[in-house]
Amino acid sequence: MSVRVRFAPSPTGYLHIGGARTALFNWLYARHCGGKLVLRIEDTDAARNTQEATDAILNGLRWLGLAWDEGPLTGDATGAGRGDRGPYFQSQRRENYQRRVEALLQHDLAYERDGAIRFRMRREATVFEDLIVGEVRRELTDREQEDPDFVIVRSDGQPVFHLTNVVDDLEMGITHVIRGEDHLSNTPKHIALFEAFGVPAPKYAHIPLILNPNGSKMSKRDEGASLQTYVEEGYAPEAVLNYLCLLGWSPKDNQEFLNADELVERFDLPQVLRHNARFDLAKLQWMNGQYLARLNDDRFHELCVHALGRAGIDTNRFPVAYVKAALDTCRGKLKTFSELPGYAGFYFADAVEYDPEAARTQFVAEARPRLLRLREAYAGLGDFNAGMLEAQLKNTAGELGVKAGVLVHPVRLACTGKTSGPSLYHLLEVLGKARVLELLDRALAAIPG
RNA sequence: GGCGCGUUCGUCUAUCGGUUUAGGACGCGGCCCUCUCAAGGCCGAAAGACGGGUUCGACUCCCGUACGCGCUGCCA
């Protein structure tokens, strides 16, 4: 029997980082086994589930590159889907639940009380084998000792999670349920429901949770909990994917950089760790920087242009060769693309704005004659390339009897407005002679004395 | 409270009873490189929660305690 797994998020407004990893593990397992990944939207709570919320999930999964074999195509619950086990929105499956509940009622496996329908739960401990956790033996809690039955349909007619989840997994032919460990304690209920429906329960694999840096459960409002944050801050999806799978899973050989193909090849359920992991933003940032440095030129340029565009910088106003040359000076310098506008914005700005603090320390009277000297030297340069620019600057510094840095800092400030940025000589080369001389003249005019 | 799961450097992890002075990575500190900021190179500090067993031998197996997380809802 071929493997069928599913990712079944509830549209709460965005894709949670923990949910993204659950989706990732499901996707990896499906691909690893040559099985299918089903995406199901658990939107039974109509009041707070909107199409935008579902779109956020779909877009998040697409951004990560996690394609599903069956499921919705858009966030529209009544819209088209792919696959023959739909609908894939729970809000469209009311009849399925009703039919199943009728059957339960008829066989006296459920009963009505106070207007709600309750399932007759077994009255003893449940033992099951979890693919990750191992054998789990769950005794009845004190509350369950008194009354183990639980509600499957509310008095307002709404079916509850335990019921819909099981009915859908059953009808969608799910063979492996890979989900967060927060569901481990619910599993006996689900197994009992499957048995009541006369079918064996699927195999279960509960993955550990992702915690905040302080060890608390990462949820909703927590910093960095939304995948959208990483999309917006210019992370490379391949880096986020790589980092996420290292939370709770390890290739065991100290290799940390794995692309999607390698992950699919090596991922398997038994190697998933059993304990929760804390989310470490610093390591994600480092890893993202590594990915950025290794991206091929086209992809790097593409993502750069995108990031600049988001910041309101339109690179289309400039020659393609200029843009590429400018961006090349940023290679290996960024940890995230959100840093790019501030780092390379000067290449595309009409006027340079001097950092006030830096201007106060660099644009002082003594700097004026030195800058003037360099300006004249640069004006006489035929070949305006990095090598020549460096040689000339050092030469001028020598004549002035100062260290190179004494010239470097004011020149950088004059041309970029900042105290840090790409390699000075390379940046000057990209800017070009005319522009550099113009910028130096402007700086000279701004320096007192 | 009850039930379940977990516990190796600050963090992510390797180790699946002896090959280990417990390895790698992030972060942190130092040095080098250097036009700034990064990157890169080198070096360093840093861990088996605690207590009992089992065993010739335990981080690794068992029990207890502590701590953490989860579930305990007519939320999902």
Side-chain angles (χ1 to χ4, degrees), chain A residues 8-12 42-45 48-49 90 113-118 125-126 130 132-134 136-146 150-162 164-165 179-189 206 208-211 213 215-218 243 246-257 273-287 289-290 292-293 330-335 339 343 358 386 389-390 393-394 397 403-409 411-413 416 418-428:
Chain A
S10 180
T12 53
E42 305 212 332
D43 60 341
T44 52
D45 190 348
R48 69 172 193 226
N49 294 314
Q90 291 194 330
R113 191 168 95 187
D114 301 334
I117 297 174
R118 292 163 55 92
T126 300
D130 187 284
I132 292 169
V133 184
V136 177
R137 179 187 177 82
R138 218 200 76 126
E139 303 287 345
L140 263 41
T141 64
D142 52 2
R143 200 163 303 184
E144 289 165 343
Q145 299 273 9
E146 290 177 30
F150 59 93
V151 172
I152 52 176
V153 180
R154 293 194 283 260
S155 49
D156 66 1
Q158 279 287 331
V160 310
F161 163 74
H162 300 302
T164 60
N165 192 266
R179 65 196 346 181
E181 196 204 309
D182 46 344
H183 287 298
L184 190 61
S185 296
N186 293 148
T187 303
K189 288 183 176 133
H206 288 90
L209 269 22
I210 296 180
L211 268 26
S216 63
K217 184 189 178 186
M218 193 178 224
Y243 176 71
L246 257 21
L247 249 29
W249 176 80
S250 165
K252 311 276 186 195
D253 62 358
N254 286 341
Q255 189 182 343
E256 292 196 302
F257 288 89
L273 278 321
R274 278 153 287 256
H275 59 268
N276 297 339
R278 300 185 193 205
F279 189 78
D280 185 358
L281 183 60
K283 183 149 188 179
L284 203 210
Q285 286 176 336
W286 165 79
M287 183 163 268
Q290 295 290 315
L292 260 44
C330 304
R331 288 299 296 232
K333 299 277 197 171
L334 308 168
K335 278 192 175 171
E339 299 164 27
Y343 194 80
L389 288 162
E390 177 170 8
L393 183 140
K394 287 183 172 167
K403 288 183 183 173
V406 173
L407 282 176
V408 166
H409 297 296
V411 173
R412 175 181 296 284
L413 184 61
T416 72
K418 295 173 178 292
T419 56
S420 68
S423 159
L424 179 68
Y425 310 115
H426 292 89
L427 132 206
L428 294 177

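Letters A, B, ... mirror the listed sequences (proteins, then strands); counts begin at 1. In this text the structure is predicted, and so the values were computed from the model without any measurement.
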So what does [X] hit on the nucleic acid, given a heavy-atom distance under 4.0 Å: a base, only sugar-phosphate, or nothing?
| X | answer |
| --- | --- |
| A/L273 | sugar-phosphate |
| A/T164 | nothing |
| A/S155 | base |
| A/K418 | nothing |
| A/Q290 | sugar-phosphate |
| A/H409 | sugar-phosphate |

Counting only side-chain nitrogens and oxygens, does A/R154 get under 4.0 Å of the OP1 or OP2 atom of B/A76?
yes

Taking only side-chain N and O atoms of A/Q90, does any of them lie within less than 4.0 angstrom of OP1 or OP2 on B/C75?
no

Under 3.5 Å, is there any donor-acceptor pair linking the side chain of [X] to the base of [N]?
| X | N | answer |
| --- | --- | --- |
| A/S423 | B/C35 | yes |
| A/Y243 | B/C12 | no |
| A/N276 | B/G6 | no |
| A/R412 | B/C35 | yes |
| A/K333 | B/C37 | yes |

Does A/K333 make a cation-pi contact with A/Y343, if we ask for NZ or CZ under 6.0 Å from the ring centre and within 45° of the axis?
no

If the condition is side chain to side chain contact (heavy atoms under 4.5 Å, CB included), which residues does A/A277 pass it with, not counting sequence neighbours?
A/L247

State whether a side-chain donor-acceptor pair under 3.5 Å links A/R278 with A/S216.
no

How about A/W249 and A/Y243: are their ring centroids closer than 6.0 Å?
no

State the pairing partner of B/G68; accept Watson-Crick or G-U wobble contacts with both distances under 3.5 Å, and report none otherwise.
B/C5

